[in-house]
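Take a look at the structure below.
We name chains A, B, ... by the order of the sequence lines, and we start the count at 1 in each one. Owing to the predicted nature of the structure, the values given are computational and were not obtained by experimental measurement.
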Amino acid sequence: MSVPAPLYLSLSAVLFTLGTVGVLVRRSALIVFMSVELMLNAVNLSLVTFARLRGGVDGQVVVFFVLVVAAAEVVIGLAIIVNIFRTRDTVDVDDVDLLRG
Amino acid sequence: MAWRDLGAASPELVLTVAAFVVLLYDAWMTGPSLESPRSGGAGWLALAGVALALLLNAFPPTAPVAFAGMYVRDRLTQAVTLAALLGTGITVLLSPAYLNRFRLPAGEYYALVLFSAVGAILMGAARNLVVLFLGLEILSFPLYTLAALATRSRRSQEAGLKYLLLGAFGTAFFVYGVALVYGAAGTLDLSRLAGVPLTPLLGVGVALLTIGLGFEAALVPFHAWAPDVYEGAPLPATAFMSVIAKVGAFAGFLRVFPLALPAAAAQWSAALVAVAVVTMIWGNLAALFQTNLKRLLAYSSIAHAGYMLIGIAAPGPAGTLGVLYYLVVYAVMNLGAFGVLILLERRGEEADEIADLAGLWGRAPWAAGVLALCMVSLAGLPPTGGFIAKLYLFRAALQGGHTTLALVAVLTSVVSVYYYLRVAAAALSGTAPDAVAPRRSATVGIALALAGAGVLWFGILPSTLTAFVQQAVQALR
Amino acid sequence: MTPGPLTLLLAIPLAGAAAAAAMDAREERRLRAIGLVAMLLTFLLAAWVWLRFAPGVAGLQFEERAPWVPAVGMTYHLGVDGLSVSLTALVAFLFPIALGASAGQIHDRVKPFVVTLLLLETGLLGTFLAQDLVLFYVFWEAMLVPMYFLIALWGGPGRMRAAIKFFLYTMAGSVLMLLAIIAVYLNAARLPGGSTFDLPVLLTHPLGVTGSTETLLFLAFAVAFAIKMPVWPLHTWLPDAYAACPPVVTVLLAGLMAKAGAYGLLRFCLPLFPDASRAFGPLLSGLAVVGILYGGAIAWTQRDMRRLLAYGSMSHMGFILLGIFALDATAVQGSLIQMINHGISTGALFVLAGLLLDRTGRARTDEYGGIASLVPAFSAVTLIVVMSSLALPATNGFIGEFLILLGTFETRPAAAVIATLGVVVAVAYLLAFVGRVFHGPVREDLRGLADLTPRERALVVPLVLVIFWTGLYPQPLLDRSAATVNALLNRVAGTTAVQPQASRGGPPRAVTPGSPPAGASPTAFAAGQGGTPRKGR
Amino acid sequence: MTYAVWIPLLPLLGWVANGVAGGRWGRRGVAVVACGTVVAAFAVGLAVLASLSSLPAGARHVEVDLYRWMAAGPITVPLRLLVDPLSAVMVLVVTGVGALIHIYSVGYMADDDAFARYFAYLNLFTASMLTLVLAGNLVVMFIGWEGVGLCSYLLIAFWFTRPAAAAAGVKAFIVTRLGDVGFLLGIFLAFGVWGTADFGVMTRDAAAHLPLGGAAATALCLLLFLGACGKSAQLPLYMWLPDAMEGPTPVSALIHAATMVTAGVFMIVRMHAVYLRAPLAMDVVAVTGAVTAIFAAASALVEPDLKRVLAYSTISQLGYMFLAVGVGAWGAGIFHLTSHAFFKALLFLAAGSVMHALGGTTDMRRMGGLARSLPWTAATFGAGALALAGIPPFVGFFSKDQILSAGFRHHDVILWIIGLAAAGLTAVYIVRAFVLTFLTAAPGVMRTPGNGDAGGHGAPHEAPPIMGIPTLVLAVLTLVGGALGVSFVHPGVLARFLLPAVTEGGPAPAGSEAGAGEGVLVSVSVAVALAGILAGWLIYRTGTLRGRSDAVRALLSRQFYVEDFFNTLVTTPGRGLAWAFDLFDRDGVDGAVMAIGRMIGRGGGWLRRVQSGYLRQYAAILLIGVIVLLAYWVSR
């Protein structure tokens with residue numbers, strides 16, 4: 001249990017970046033979605049680390065909110081993605097380009 | 001949790017309760033079939049909720065700070081609530097005609113609208129980053145759903161998807177910002193942030209907070225979702241999100257920047273000035289040659305976000321006054337503009353091209369008049385509220401010594417006149433053989449009358465609203 | 001506060017607009033009647049104000065002041081003085097004529113036309129009455145909006161483009177003025193009066209801006225007004241707008257709106273920024289001279305009737321600018337009276353051009369020929385108006401140009417000498433116009449052209465009468481502006497504007513000559529009120 | 001003497017009456033109103049003259065203030081009339097000759113459709129001219145000055161459906177306006193010097209305010225003289241007058257011979273006290289006059305058009321007048337003005353009768369032998385011609401002689417020689433005109449009625465009495481008018497009467513002195529005139545003298561290329577400049593503005609392309625924002 005806090009934070013940052021890259025490079029809406037979830041969980045890691053550092057519980061409380069929010073996001077997101085799949089038979093975000101200009 | 005706390009949050013509670021009542025009513029009355037649109041009662045219930053919330057908002061609570069210091073209902077909250085409720089109320093009035101015509105599930109629609117309003121108000125009342133985060137999410141989730149509400153419209157679905165994915169992406173940055181601020185300051189309490197030294201970590205956190213709020217406000221370069229979502233979402237949803245997202249985001253900006261971080265003003269002000277400049281230029285230029293009205297208004301709303309950001313970027317009482325005044329006026333004038341579009345329909349589709357406005361004058365002169373008036377106001381021309389609002393913001397910019405900001409603001413205003421007046425002239429220009437037949441709707445008529453009157457009132461007799469927001473500003477000092 | 005005559009002056013056309021808006025759009029005759037009644041009532045009230053105006057008083061009269069937005073120092077402050085009283089009357093005078101002339105031109109959407117026209121009248125009157133900077137700006141910009149719609153909705157070919165060009169061009173100038181207004185207001189925070197937009201209050205103390213700041217503020221104001229006038233080279237919106245406008249609206253655009261620009265220079269630029277006004281006097285005089293000759297020369301080349309008159313109008317506005325920045329009592333008086341004259345003469349020219357366009361639909365001068373023998377009365381009236389534009393003595397145009405050039409000759413002889421050549425250029429293009437349209441062989445396809453109807457006679461006769469009245473007996477107009485102009489020039493002459501001894505030539509009297517009427521402002525032009533003319537040699 | 005205001009007011013009322021209601025009361029009514037007002041003005045003029053004569057010589061300077069016209073700043077301009085011998089004489093000339101020509105016009109214009117308009121204009125002209133001569137200050141004079149210019153334009157272009165007439169009117173207006181620029185600047189300078197442009201003040205205080213030969217005096221006089229050049233058709237602004245002959249002939253008689261064109265001379269006499277302060281300007285006036293006199297006389301030699309011959313003659317005679325006033329012979333100048341008014345009006349009216357008889361023809365190559373069918377006309381024209389040539393006892397002899405002798409005494413013999421040469425040429429060209437018109441039997445006399453001008457029909461016949469009688473009256477005046485200024489009893493009646501008006505503020509004018517060798521001078525000038533007549537007769541009647549040079553002929557027929565020079569130097573570049581401005585305005589000034597607009601528009605188009613519709617690109621844009629913001633904050 002002697003892993004120093006900066007490493008947690010760094011891990012968090014790396015995970016967050018991975019998520020970001022995932023959003024940018026993946027074409028499947030589902031994978032993009034998962035990447036966002038990864039970003040959120042990276043943040044959670046940071047929050048917990050900071051809470052440990054600061055010795056308070058604020059950060060850990062926030063984690064719960066973030067989890068709830070992420071769950072809600074999934075609910076809405078999947079609904080929409082399913083709906084899109086029904087109308088277009090694809091979840092490739094690059095095919096979703098009716099609206100532009 | 002004391003009753004006093006609930007009393008302070010009474011407008012939000014009333015809206016939340018109203019949202020649930022609407023859902024229950026909808027489930028009760030319409031039965032299992034989503035196709036049954038006759039649910040006018042839901043709209044009235046929602047309206048009653050908004051009205052009650054407005055009434056409660058008029059009374060300042062005995063103890064403004066509530067929920068263990070996480071929530072505050074001060075004059076600023078009241079002003080934000082006013083803007084949010086005005087926007088929500090007018091939206092509720094505008095919607096029934098459209099919902100019936102396009103067979104959208106009214107109960108869900110109204111409930112989502114009310115929830116979203118709660119989120120925006122909560123952002124105005126946030127005294128803690130968690131509350132701000134919650135407000136932001138409560139604000140935006142219903143909006144994602146509203147955008148995708150027309151389940152059989154590919155455009156609506158596309159709008160929903162883009163909004164959701166990009167919104168989640170933005171939210172992630174915001175949450176990361178919350179985490180870093182917490183890490184740097186050791187607290188989530190906004191009122192205690194002022195004394196914290198500005199470390200790079202705090203700076204990065206603040207920057208990430210900016211991204212989340214900027215996304216919701218559609219500031220460049222976090223704006224890219226807005227044009228597509230505005231165009232694809234059902235009209236009343238577009239109208240509503242154009243207003244409520246701005247109210248929430250700028251309430252958040254006010255809570256975070258001028259109020260929580262006054263000491264670091266020099267640092268964040270420069271960044272926000274740059275964002276404001278880019279936003280004003282981008283929004284107005286991109287709007288120039290749009291032919292789709294929803295898209296045009298989307299870019300317009302981006303531009304207006306840039307104007308409002310002036311009030312944040314040039315901190316001080318004048319800036320706060322300007323933002324608050326602008327929010328109220330913007331809610332009224334933007335909804336007035338969208339309201340007229342709701343009346344238009346061509347072969348069962350939205351008639352949202354500028355060309356569709358031809359002949360509107362001949363069929364519905366008053367609607368055309370209100371549209372023109374709102375366009376004039378959006379363009380910031382007297383004697384409308386849009387002018388006074390811009391005047392206050394320019395004053396703030398110059399007072400803060402941001403001459404470049406003011407210059408960009410006025411010059412882009414000139415550019416904006418090009419597209420606003422094109423729309424106004426199209427609406428007023430005579431008769432056209434294949435003119436779109438505007439629908440008649442009493443509630444929309446009332447909403448338009450309210451919007452038109454409001455635009456003129458805030459422009460010709462601005463002293464009442466000015467005094468109201470002035471109190472909000474003074475109470476903060 | 002009970003509303004005074006000036007508030008009423010704004011309220012009558014507004015009420016007329018409301019009444020017209022409430023009427024059935026199909027009752028066109030009654031709509032026009034309502035509009036005409038409102039405008040005539042406005043005119044009667046404006047005439048009453050003009051007659052009751054006490055000459056010899058430098059300050060504001062019929063003043064009305066009420067808080068508007070006290071939180072930000074905006075006041076509802078109206079008043080007339082020597083600069084504005086006659087212009088106000090001119091506005092009220094030209095509107096009924098324009099509405100009357102529209103009967104043959106505007107056939108569709110009569111209701112919004114009447115409403116828009118009345119709103120425009122309110123805007124214009126407000127521009128001349130407002131004494132608060134923001135209030136002024138509100139009217140200044142607000143009048144653009146109805147004007148835009150008048151061009152865009154009722155104009156001829158190319159109207160949309162011309163309308164938006166007009167709007168963007170003029171607005172680009174005025175938004176900078178808005179920033180300058182705010183800057184003046186913020187700057188006043190350091191002064192004893194505190195931050196306020198109230199012009200007379202601002203003028204009770206020197207503004208305290210100097211150097212490049214004053215230059216920038218002055219330019220921001222001046223450019224806004226220069227575009228509206230327009231001043232070369234900021235004029236290119238004008239030919240397009242004038243040519244695309246419905247002719248009756250051109251009457252208002254050329255006859256009245258251009259004056260708002262010149263008026264703004266006198267009302268704001270000169271008293272607020274006396275040092276910069278003096279510093280930029282030579283430059284602006286030079287631009288005026290260029291405008292006179294350049295506008296006149298281009299007018300001569302034009303074949304489109306309204307473009308010809310448009311450039312001619314620009315040339316004439318050059319004289320007004322020249323007079324203003326001669327900074328000489330005679331010249332400024334001349335400019336003021338020339339504003340009236342230009343309104344009447346150019347207004348009349350466009351009324352007549354409109355009547356011709358209604359009849360034939362021909363915009364180009366070479367599509368006419370010899371119509372003087374077909375429509376003698378019309379031609380006679382046109383000739384009188386043309387002569388007034390040529391500044392023929394005994395017509396109004398002469399009084400203005402003579403006083404302007406005479407005064408300018410004292411302070412800027414070179415500019416005056418070159419500008420005097422403008423009277424030759426004016427002859428060239430105006431007589432070319434008369435020659436192409438009225439003289440020459442009669443075009444057979446114009447046979448049967450109708451002469452002035454009784455209604456049209458009723459429109460042009462007042463204009464002709466004013467032309468001769470001003471030409472032969474301009475003194476009532478000159479008397480009304482004398483004291484204000486003297487006070488204004490004393491202010492400009494003094495480096496700090498408060499010390500009366502700074503004014504050259506003659507000891508300034510501290511007391512207002514004559515008995516000030518009720519409502520005369522105690523604050524207006526506190527410097528050298530009613531002082532003797534600055535001019536000396 | 002306030003009633004003097006009725007002198008201009010009466011014709012003005014005639015204008016208003018005929019202008020507003022001329023169509024209602026028929027030709028007879030129009031004629032009565034028009035002629036009646038002018039005759040009445042003449043009567044008032046006589047009364048003014050009488051009451052002026054009853055005053056002591058020193059008090060013959062009455063200012064009539066009507067009201068304060070303009071007062072702005074330190075400037076006050078009253079609407080002031082000045083009644084003194086000079087204006088009284090001018091009033092009588094204008095109203096007298098004017099009345100005769102009005103009456104003549106009733107016959108001449110009898111068949112014209114625009115009868116009422118014609119007389120309205122003529123009345124307006126008379127009113128303006130009377131305002132000009134009665135003016136008490138330069139500004140009021142400018143009312144009349146411009147008013148007569150306007151009427152000149154209107155009447156030259158009276159038959160405006162003829163492009164030539166319309167163009168001639170415009171030309172006249174523009175060229176005279178060019179001179180008026182000088183006049184206006186002169187007024188401004190006067191205000192600069194005296195603070196007023198009042199004749200009384202300027203005359204009285206000329207010496208006090210203007211150093212002799214100073215720049216101010218010279219500039220003022222030259223500027224005013226520029227105005228005079230335009231109005232009186234002197235070099236280089238003469239070119240409008242020959243073209244002005246497009247107008248009806250009575251108009252040419254009244255405006256372009258007798259009255260308006262003499263306004264410049266009158267103005268200089270009015271301002272004589274000021275001119276005396278500027279010897280250089282005086283010399284310029286005299287030299288310009290002399291050169292114009294001989295230049296125009298030479299131009300008249302080859303002119304085929306009868307009226308244009310008379311026009312050049314007018315220019316030439318005006319040159320004499322300027323020569324007179326240029327050497328300070330004020331009285332002689334006014335005397336010649338009066339005498340010229342008589343004989344030149346006579347010549348024009350006679351020419352009008354010819355045209356009337358020939359249906360509007362003015363080309364002398366198509367005339368000839370008219371003495372037989374038009375004996376009265378030939379006789380009256382002959383009287384005028386002799387007066388023009390300066391043959392005693394016609395009035396022209398006396399007046400021209402006074403000018404020449406004044407020029408001789410003005411230490412500058414060259415002026416005298418030029419004047420003498422011009423007198424010789426004058427005799428030649430007028431004999432030529434007379435011979436070609438009335439004597440030589442032309443191969444085919446033009447008989448078809450022309451369009452527009454007075455309509456004669458059939459064989460040439462004498463004009464009706466209403467045209468004949470005014471011509472006769474003028475012929476008589478030409479014969480006996482010399483009595484006004486019989487030079488053997490210096491100073492003449494007219495000169496003596498004028499003396500109070502032209503001596504104020506200056507020394508006694510040169511023209512009034514009796515000089516030694518007067519008899520010799522007279523003999524020389526008569527001899528030159530007679531020689532000219534003889535030469536003319538020998539060339540054009542008998543054909544004895546021959547030998548022509550085409551080069552000289554071309555030179556003369558292009559009037560020494562003055563106008564071509566003017567066109568090349570001023571008119572054509574001016575037009576080119578105007579078109580260049582037009583081009584520059586559209587592509588330069590407006591082009592720059594529109595380029596800004598296009599640039600903004602292009603930016604908008606580019607930004608639209610950025611909005612590609614691809615979600616991942618939007619995310620990338622957002623990320624760019626994130627990176628920039630983070631970079632900013634980290635770099636703080």
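Counting heavy-atom neighbours within 6.0 Å of A/Phe64 CZ, excluding the residue itself, gives a total of 12 or less. Enclosure of atom CZ in A/Arg26 is not indicated, since only 12 or fewer non-hydrogen atoms of other residues, nucleotides or ligands lie within 6.0 angstrom. A 6.0 Å sphere centred on CZ of A/Phe65 holds no more than 12 heavy atoms belonging to other residues, nucleotides or ligands.
For A/Leu24, the parts lying under 4.5 angstrom from a heavy atom of chain D are both the backbone and the side chain. Interface residue A/Val23: backbone and side-chain heavy atoms are both found under 4.5 Å from chain D.
Checked options A/Asp95, A/Asp97, A/Val93; the residue passing with D/Tyr614 is A/Asp97 (criterion: side chain to side chain contact (heavy atoms under 4.5 Å, CB included)).
Taken to the nearest 0.5 Å, the OG1 atom of A/Thr17 stands 9.5 Å off from the CG atom of D/Leu623.
Listed options D/Arg616, D/Arg608, D/Gln611 were ranked by heavy-atom pairs under 4.5 angstrom with chain A; first place goes to D/Arg616.
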